[in-house]
Engineer: 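Got a structure for you, questions after.
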Amino acid sequence: MVRQFIWRIAWMAVSCLGLHLSVAAQGRLDSLHHLNEVVITAKPYKEVIPAQRLGGLQLERLNTHNVADALRYFSGVQIKDYGGMGGLKTVDVRNMGSHHVGVFYDGIQIGNSQNGVVDLGRFSLDDLEELSLYNGQKSEIFQSAKDFASASAVYLKTRKPRFEGGKKTNLLVRYKAGSIQLINPSVRLEQKLNDDLSLSLSGEYMKSDGQYKFRYKRLNQVGEVAYDTTATRWNSDIEAYRIEAGIYGVVRDGYWQAKLYYYDSERGLPGAIVKNVWQNGERQGDKNLFAQATFVKDVTPKYKLQLNGKFAYDYTHYLSRDTVQFLQENVTKKMQFDNTYYQQDWYLSLVNMYSILPVWDISFSVDFQYNKLNAVMRGVGTPFTFPQRYTAWAALATALNLGKWKLQADVLGTFVIERVRNNVQAPDKSEFSPALIVGYKPFRHHDFNLRAFYKRIFRLPTFNDLYYAQIGFSQLNPEFTDQLNVGGSYQKTFKSGWIDKVSVQADVYYAAITDKIIAAPTGSSFRWMMTNMGKVESKGVDVSAAVSGHIGLVKLHTNLSYSFTKAQDFTKVNGKKLSSYGDQIPYTPWHSGSLIAGAEYGSWTLNYSFIYVGERYNGAVNNIPRNYVEPWYTHDFSLQKEFRIRDRYLLKASVEMNNALNQYCDVVLNYPMPGRNFRLVVSLSL
């Protein structure tokens with residue numbers, strides 16, 4: 001079966017390459033009539049649904065440590081932050097769950113077949129050029145099949161070397177220090193080898209003891225104060241290294257780039273504060289390595305090709321010396337964990353796009369991925385499964401640009417084969433998923449656009465969902481999501497007055513998840529099992545606006561986002577409604593929003609940011625007063641000054657104050673966040 005599957009994928013790839021070779025031969029004949037100069041003639045992308053973006057200086061000015069912190073400023077996004085410097089940070093878009101969000105690094109997805117969660121805390125902003133979020137999917141058809149395979153997508157675009165004024169070398173040295181005993185130096189070197197080739201090398205070190213004060217206040221069942229004290233957060237320390245290298249090349253009518261990434265961390269996992277336990281002994285060590293490459297070329301004026309490849313190796317060591325007690329049939333069990341996991345990920349992608357007419361494009365992409373998970377699990381009686389997964393995606397997409405109307409449609413086929421060494425194997429799967437996107441521009445001389453999309457997609461159960469000891473269930477079905485979205489955008493530039501530019505986006509959406517995978521008891525309070533019995537419906541409004549202007553020599557900019565969400569649990573078990581039926585799902589606020597405002601005067605920059613998360617309910621099942629969580633918000637300020645030294649060097653210094661009002665809060669119940677803290681950043685560019 002595996003052999004037939006591989007032959008099928010090979011046949012699709014060879015067919016695509018055969019088309020490429022025939023068109024490339026014609027391209028070589030055509031190239032005889034052109035001068036030997038470097039010209040990139042790629043067709044401009046035709047995005048129907050614009051992304052929410054943060055880039056350039058705006059990213060640099062935010063009081064953020066990592067990608068997760070920056071994503072908070074997008075509408076429709078909720079970040080699960082488990083507190084402290086070492087705590088896990090994941091993203092949830094429109095309440096569909098972290099597993100439904102694809103995270104792409106320079107166009108290639110970051111994977112985790114073990115648990116499906118990408119820890120955004122390990123990605124620094126120092127090397128990022130742009131951070132963008134797409135609801136549904138990126139609305140252009142020249143992309144890999146995996147780009148179509150998520151309910152929403154986050155794209156991390158790293159900086160590419162740029163050389164001005166005849167320079168051949170760029171060097172940036174940055175040092176950050178702050179509260180919670182934070183030290184965070186980094187360096188980035190860029191070198192121009194020739195007109196067609198350049199490279200970059202960057203490194204970063206971060207260390208923090210993770211100890212900070214927090215307020216702990218809890219009520220009992222009758223509403224009286226049970227605890228109200230100030231304590232210190234323990235076991236949230238982290239020590240991490242990141243090394244990254246990139247090489248960038250230009251070819252005739254195209255480009256290529258390759259990236260090598262390595263991350264190594266040792267951290268404490270700050271556990272939940274329950275039953276008067278203030279610290280625990282959980283530790284986690286990670287080593288993440290990947291190498292990836294991309295090649296893009298306009299083979300002819302009508303045919304465009306993209307090749308992607310990646311290898312990733314992830315090592316995780318989880319250690320818990322605390323005593324964990326489970327009750328099974330009135331028997332107390334004490335368990336400790338010392339587990340090591342090894343993941344391998346091999347990925348290849350081929351994308352073809354052909355212009356049938358100037359207004360009509362069609363694309364076909366084929367992706368193949370192989371995942372393998374090994375483990376050493378000490379103290380666990382059940383033998384580890386040692387799963388392997390072969391996955392292929394094939395996407396056929398088309399785009400029409402009819403002036404006022406833009407239409408895009410695609411269908412994605414996903415084919416999965418599971419293999420295990422021990423225990424019960426999950427069944428093979430094949431699914432087809434459609435999407436349709438429509439854009440309309442009613443006025444010729446005004447930048448006003450309407451859009452709508454429908455998308456049906458699913459997420460595969462992770463290896464943990466299927467095979468984790470005492471919990472996994474190998475017969476799980478995928479989670480399916482249906483999304484409907486209607487929205488519009490308006491943008492206007494002013495030639496006079498103090499306002500320079502205004503842009504507004506607004507969307508109304510509906511999303512439903514069926515066959516949601518949740519943990520359910522099996523009759524024993526010790527053994528739980530993952531099962532398909534959940535249904536969640538989410539509907540809401542996302543609004544974002546940006547205004548830039550000036551008053552004399554002072555430049556001003558403002559970004560505002562707001563979200564209203566109603567996400568309800570409609571889960572039934574054996575046809576019976578649960579007690580939580582119709583309730584707002586945990587950690588989902590009805591109202592949330594953010595504000596970024598800044599002013600520039602000469603070499604001075606003042607920035608203010610505000611995040612608000614409204615009332616919600618914690619991770620318990622029901623929306624009852626005991627589980628109610630009050631709103632939280634933060635006010636952050638930063639002041640930056642630039643110094644020019646001999647017209648060759650640029651020195652920047654900034655001072656930041658985060659959570660200025662010292663508000664104590666839990667993003668996730670019993671995982672307290674830091675109060676007021678400060679940071680100093682100094683950077684030197686050569």
Side-chain angles (χ1 to χ4, degrees), residues 1-3 5-6 88 99 111-117 119 269 271 280-289 311-346 369-391 415-429 459-479 515 517-533:
M1 182 65 180
V2 174
R3 184 176 300 174
F5 175 80
I6 295 175
L88 178 69
H99 297 86
N112 188 330
S113 58
Q114 181 182 357
N115 56 35
V117 174
D119 182 7
L269 297 180
N280 60 12
E282 293 179 280
R283 308 289 301 177
Q284 181 171 314
D286 292 284
K287 293 178 175 61
N288 308 105
L289 169 70
F311 168 73
Y313 175 82
D314 297 317
Y315 162 94
T316 301
H317 179 215
Y318 172 75
L319 177 66
S320 176
R321 293 305 187 194
D322 289 343
T323 300
V324 182
Q325 296 187 2
F326 297 95
L327 187 64
Q328 182 182 19
E329 299 174 355
N330 297 321
V331 176
T332 299
K333 291 192 174 184
K334 298 181 179 181
M335 299 180 64
Q336 296 184 348
F337 300 93
D338 186 357
N339 300 336
T340 306
Y341 302 93
Y342 310 86
Q343 292 189 64
Q344 290 186 39
D345 181 349
W346 297 84
Q369 184 168 304
Y370 168 72
N371 295 103
K372 181 180 180 180
L373 177 63
N374 292 340
V376 177
M377 303 180 68
R378 301 170 181 86
V380 178
T382 304
F384 189 70
T385 303
F386 296 99
Q388 300 178 59
R389 175 176 288 172
Y390 303 83
T391 311
F415 312 95
V416 183
I417 288 179
E418 303 273 355
R419 289 292 180 265
V420 299
R421 186 189 304 177
N422 302 311
N423 305 319
V424 180
Q425 174 183 300
D428 300 337
K429 300 177 180 66
R459 73 101 169 169
L460 289 169
T462 66
F463 284 160
N464 278 359
D465 293 336
L466 295 170
Y467 307 118
Y468 196 84
Q470 305 293 331
I471 296 178
F473 179 50
S474 63
Q475 304 303 307
L476 286 174
N477 296 320
E479 283 186 3
D515 277 341
I517 299 170
I518 61 176
T522 62
S524 164
S525 57
F526 172 67
R527 178 177 170 80
W528 287 52
M529 181 180 291
M530 308 307 292
T531 186
N532 295 109
M533 68 176 191

Engineer: Going by side-chain contact (heavy atoms from CB on, under 4.5 Å), name the residues that satisfy it together with K287, two or more places apart in sequence or in a different chain.
Structural biologist: Y262, D264, Y315
Engineer: Shortest non-hydrogen contact from P383 to N423?
Structural biologist: O-ND2, 3.0 Å
Engineer: Using side-chain contact (heavy atoms from CB on, under 4.5 Å) as the criterion, list what pairs up with T462, not counting sequence neighbours.
Structural biologist: H99, R459, N464, D465
Engineer: Taking side chain to side chain donor-acceptor pair (under 3.5 Å) as the test, write out the residues that go with S474, two or more places apart.
Structural biologist: none
Engineer: Identify, with sequence neighbours excluded, every residue that meets side chain to side chain donor-acceptor pair (under 3.5 Å) alongside D345.
Structural biologist: none
Engineer: I'd like to know if the side chain of Q369 and the backbone of T391 have a donor-acceptor N/O pair within less than 3.5 Å.
Structural biologist: no
Engineer: Not counting sequence neighbours, which residues clear ring-ring contact (aromatic ring centres under 6.0 Å, His included) with Y313? List them please.
Structural biologist: none
Engineer: Would a 4.5 Å heavy-atom cut-off, applied to side chains only, mark T385 and Y468 as touching?
Structural biologist: no
Engineer: Answer whether the closest heavy-atom distance between the side chains of N374 and Y341 falls below 4.5 Å.
Structural biologist: no
Engineer: Quick check against the 3.5 Å criterion: does Q343 have a side-chain atom that pairs as donor or acceptor with the backbone of K372?
Structural biologist: no
Engineer: Taking ring-ring contact (aromatic ring centres under 6.0 Å, His included) as the test, write out the residues that go with Y318, two or more places apart.
Structural biologist: none
Engineer: Output all residues satisfying salt bridge (charged side-chain N to carboxylate O under 4.0 Å, His left out) with R283, sequence neighbours left out; order by chain, then residue number.
Structural biologist: D237, E266
Engineer: Would you please name every residue forming a side chain to side chain donor-acceptor pair (under 3.5 Å) with Q284, sequence neighbours left out?
Structural biologist: D286
Engineer: Under a 3.5 Å cutoff, is there a donor and acceptor pairing between the side chains of Q388 and N371?
Structural biologist: no
Engineer: Side-chain contact test, heavy atoms from C-beta onward, threshold under 4.5 Å: evaluate it for N112 versus D314 and give yes or no.
Structural biologist: no
Engineer: Taking the side chain as every heavy atom from C-beta outward, state whether P427 and E418 have any pair of such atoms under 4.5 Å apart.
Structural biologist: no
Engineer: With rounding to the nearest 0.5 Å, note down the distance linking OG1 in T316 to CG in N288.
Structural biologist: 6.5 Å
Engineer: Please list, chain by chain and in numerical order, all residues satisfying side-chain contact (heavy atoms from CB on, under 4.5 Å) with D338, sequence neighbours excluded.
Structural biologist: H317, L319, R321, R378
Engineer: List in chain and number order the residues that pass side chain to side chain donor-acceptor pair (under 3.5 Å) with Q425, two or more places apart in sequence or in another chain; answer none if no residue qualifies.
Structural biologist: none
